[in-house]
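Read the structure below first, then the notes.
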Amino acid sequence: MMPTVSPIGTRDPEAAKYFTTEDPEKLFEDLREIGHGSFGAVYYAREVTSKEIVAIKQMSYGGKKSLEKWQDIVREVKVLCNLKHRNTIHYRACYLTDHTAWLVMEYCLGSASDVVEVHKCALREEEISVICRDTLAALEYLHAMNYIHRDVKAGNILLTDNGIVKLADFGSASLSCPANSFVGTPYWMAPEVILAMDDGEYSGNSDIWSLGITCIELAEGKPPLFNMNAMAALYHIPQNEAPTLADPNWSAEFNSFVQTCLTKSPEDRPGAAVAMMHTFITMHAARSYDIIRDLITRTKAVVREMDKRNARKIKKFLMEEY
Ligand code: ATP
Ligand code: MG
Ligand code: MG
C-alpha cells in the first residue's frame, strides 16, 4: 500500500522536501505519551529497526485553522533541521500521516521544569548555573544564525541521560532578526517584546531576559507575576522594576547574574557570549557534566520513591525501567 501522504503536504511542494514519505506507524513502536501542548502530544518511542529510543512530537494540522497550523509546523521543522549544536535538540526526521506531522528528535528525560516539579523545591545554584551555561551556548549559536528562540523557559530546556542540557521547542523561533511580532509565553517575555506590539523591533537578547526569568523559575518554582493572569502580567512587565530573587540567601554571583539578564533596556543587556563570561557561569563550568548527572540521579531517586508510595507518578524520568 502507498504511504498516506496528506493532500496538504503534496499541495505544498516547497515544504514537501522536509518530509519523509514512509509510513511512521510502521517505523516506530511502543509509543508512550511524555508531554503535551496545544499542538498535540510528545511521545517516547522505539525505532523498530535500530531499537533506538526517540521522542516524537505529533502535531495535528486538521480541523479549524488547518493552514495556520501547517505553516507553524513547517516553520518549526525548517528551523530545527538547520540546527547542529551540542546544546540544541537533535532533529531526526519528519513524517506525515492524515492530518498529523510526526517530528522525530533525540529523546530527553524531561525538562528543567519537570525536575523542579519532582523536587518541589529550588534547584541548587550549581545546577542552575550549568543549565544557564548550556542554554547560553545554544543561544549564542542561534543568535549567530540570526534566529531568536522567543520561548526560553524551564519547560523548553530538556536534560539528556548523559548530562547534557538541550534547548528545545523551536515552534516560536523567528527566522528574522530583528523581529517585531508578539510571540512567546507572557511571564517570560522581555519588556521590549511586549512593547513591540505597538512599535519597534527586538533582537536576540530578548532571549537573555527570558533566561533571567527562567533563573527565578528554577530558584522559586514559578516565574514572577505567575499569580496574576497573563494579561495583567503583560501590563506589569514593562511597567515594573526588573524582578529579583526573593530569598536573601542566594549568592552574590547568582543575584548579579539574574540582575544582568534582567536589564530592562535591551541595549544595555548583554548578549549570550558576554553573559557566558559572568562569574556565576564560569565558576561551575568545569564540573558541568557531573553536576547535571548528579541532578538526574537525584531526580530519578525521588521519582522512584514516589512510585513506591503510589503517589502521583512522574514516570518520564524512568521510562527505560518500565
Ligand atoms: P505548546 O506550543 O502548546 O506550548 P510546545 O510547543 O511547548 O507546546 P514542546 O515544548 O516542544 O511543545 O514539547 C512539550 C513537552 O514535551 C516538553 O515540555 C517536554 O516535557 C516534552 N518533550 C518535548 N520534546 C521532547 C524530547 N525530545 N524528549 C523528551 N521530552 C520532550
Ligand atoms: Mg514548549
Ligand atoms: Mg512551543
Side-chain angles (χ1 to χ4, degrees), residues 28 30-47 52-61 65 68-81 83 85-94 100-118 131 134-135 138 142 147-174 181-189 193 207 210-211 213-214 217-218 223 230 292 296 299-300 303 313-320 322:
F28 301 96
D30 196 17
L31 271 66
R32 299 184 235 169
E33 191 176 321
I34 48 174
H36 56 260
S38 48
F39 58 87
V42 177
Y43 297 88
Y44 160 103
R46 191 169 47 241
E47 193 167 41
E52 233 178 290
I53 302 300
V54 297
I56 303 177
K57 185 171 176 174
Q58 290 191 357
M59 296 176 283
S60 142
Y61 56 92
K65 297 192 175 172
E68 275 168 49
K69 288 187 202 162
W70 172 254
Q71 285 165 343
D72 285 349
I73 292 168
V74 173
R75 195 157 46 98
E76 181 163 358
V77 174
K78 269 187 185 171
V79 175
L80 198 53
C81 73
L83 304 181
H85 187 273
R86 173 183 180 273
N87 301 115
T88 57
I89 197 87
H90 288 175
Y91 169 80
R92 306 263 310 231
C94 200
T100 307
W102 294 38
L103 201 170
V104 182
M105 55 195 150
E106 76 179 303
Y107 171 71
C108 297
L109 293 176
S111 72
S113 160
D114 297 324
V115 174
V116 174
E117 197 185 323
V118 167
I131 290 171
D134 281 2
T135 305
L142 281 179
Y147 288 123
I148 312 176
H149 185 281
R150 301 200 291 189
D151 203 10
V152 173
K153 55 180 180 179
N156 288 335
I157 299 172
L158 308 183
L159 306 179
T160 69
D161 207 12
N162 48 12
I164 304 178
V165 178
K166 302 265 177 177
L167 184 59
D169 192 358
F170 294 86
S172 306
S174 156
S181 48
F182 181 73
V183 175
T185 312
Y187 308 94
W188 289 263
M189 282 167 98
V193 176
D207 287 334
S210 306
L211 185 65
I213 299 294
T214 304
E217 181 188 11
L218 296 174
I292 299 298
I296 286 164
T299 307
K300 284 183 174 177
V303 175
K313 295 164 199 164
I314 306 180
K315 274 195 194 162
K316 58 167 74 172
F317 287 93
L318 300 173
M319 222 36 113
E320 316 259 14
Y322 288 88

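In listed order, ligands and their atoms are each counted from 1. These figures come from a predicted structure and were not determined experimentally. Side chains included, hydrogens not; waters and symmetry mates left out as well; all remaining heavy atoms used.
Checked against a 3.5 angstrom limit, the closest N/O atoms of Glu106 and ligand 1 fall inside it. Of the polar atoms of Ser111, none of the N or O atoms is found under 3.5 Å from an N or O of ligand 1, judged by distance alone. At least one N or O atom of Asp169 sits closer than 3.5 Å to an N or O atom of ligand 1. In terms of N/O distances under 3.5 Å, ligand 1 is not approached by Tyr107.
Considering only heavy atoms from C-beta on, Phe39 stays 4.5 Å or farther from Ile73 through its side chain. You'll find the side chain of Leu167 stays beyond 4.5 Å of the side chain of Ile89, heavy atoms only. Looking at heavy atoms from C-beta onward, Ile164 lies in side-chain contact with Arg86 at the 4.5 angstrom threshold. A heavy-atom distance below 4.5 Å is found between the side chains of His149 and Phe170. Side-chain contact between Phe317 and Val115: present, with at least one pair of heavy atoms (C-beta onward) separated by less than 4.5 Å. Taking the side chain as every heavy atom from C-beta outward, Val193 and Arg150 never approach each other to under 4.5 Å. Side chains of Thr214 and Glu217 form a contact here, defined as non-hydrogen atoms less than 4.5 Å apart. Ile292 has its side chain within reach of Ile131: a pair of non-hydrogen atoms, C-beta onward, lies under 4.5 Å apart.
At the shortest separation from atom 29 (C) of ligand 1 among protein heavy atoms lies Cys108 O, 3.1 Å. Looking only at heavy atoms of the protein, atom 8 (O) of ligand 1 is closest to Phe39 CE2, 2.8 Å. The protein heavy atom nearest to atom 20 (O) of ligand 1 is Lys316 NZ, 3.4 Å. Atom 17 (C) of ligand 1 has its closest protein heavy atom at Gly155 O, 3.8 Å. Looking only at heavy atoms of the protein, atom 19 (C) of ligand 1 is closest to Leu158 CD2, 4.0 Å. From the protein, the heavy atom lying nearest to atom 1 (P) of ligand 1 is Ser38 OG, 3.8 Å.
For ligand 1 and Met105, the ligand atoms under 4.0 Å from any heavy atom of the residue are 24 (N), 27 (N). Annotation for ligand 1: atoms under 4.0 Å from non-hydrogen atoms of Ile34 are 29 (C), 30 (N). The atoms of ligand 1 that sit less than 4.0 Å from any heavy atom of Lys57 are 5 (P), 6 (O), 9 (P), 11 (O), 12 (O). Those atoms of ligand 1 with a heavy atom of Asn156 less than 4.0 angstrom away are 7 (O), 10 (O). Those atoms of ligand 1 with a heavy atom of Gly35 less than 4.0 angstrom away are 16 (O).
Relative to atom 13 (O) of ligand 1, the option among Leu80, Thr185, Val42, Leu103 with the closest non-hydrogen atom is Val42.
Residue pairs meeting the salt bridge (charged side-chain N to carboxylate O under 4.0 Å, His left out) criterion with at least one member in residues 157-167, sequence neighbours excluded, are Glu106-Lys166, Asp161-Lys300.
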Please lay out, stage by stage, how Asp72 and Lys69 fare under the test salt bridge (Lys or Arg N to Asp or Glu O under 4.0 Å). CA-CA 5 Å; Asp72 285 349; Lys69 288 187 202 162; over 6 Å; no
Would you check, one step at a time, whether the test side chain to side chain contact (heavy atoms under 4.5 Å, CB included) holds for Met319 with Ile53? CA-CA 10 Å; Met319 222 36 113; Ile53 302 300; over 6 Å; no
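Side-chain contact check for Asp207 and Ser210: no donor-acceptor pair (N or O, by modelled atom type) lies under 3.5 Å.
Within the structure, the closest approach of Gly110 to ligand 1 does not fall below 4.0 Å when heavy atoms are considered.
Using a 4.0 Å threshold on non-hydrogen atoms, atom 4 (O) of ligand 1 does not count as touching the protein.
At a 4.0 Å heavy-atom cut-off, ligand 1 touches Asp114 through the side chain alone. With a 4.0 Å heavy-atom cut-off, ligand 1 is reached by the side chain of Ile89 but not by its N, CA, C or O. Within the 4.0 Å heavy-atom criterion, the part of Ala55 lying near ligand 1 is the side chain and not the backbone.
Sorted by chain and number, the protein atoms of type N, O or S within less than 2.8 Å of the Mg ion (ligand 2) are Asn156 OD1, Asp169 OD2.
Looking at Asn156, its side chain does come within 3.5 Å of a backbone N or O of Asp151 through a donor-acceptor pair.
Residue Tyr91 is tested with Val79, Val104, Leu80, Leu83 for a side-chain contact (heavy atoms from CB on, under 4.5 Å); the sole match is Leu80.
Minimum heavy-atom separation, Cys81 to Lys78: SG-O, 3.6 Å.
The pair Lys153-Asp169 fails the salt-bridge criterion, with no side-chain N (NZ, NE, NH1 or NH2) lying under 4.0 Å from an Asp/Glu carboxylate O.
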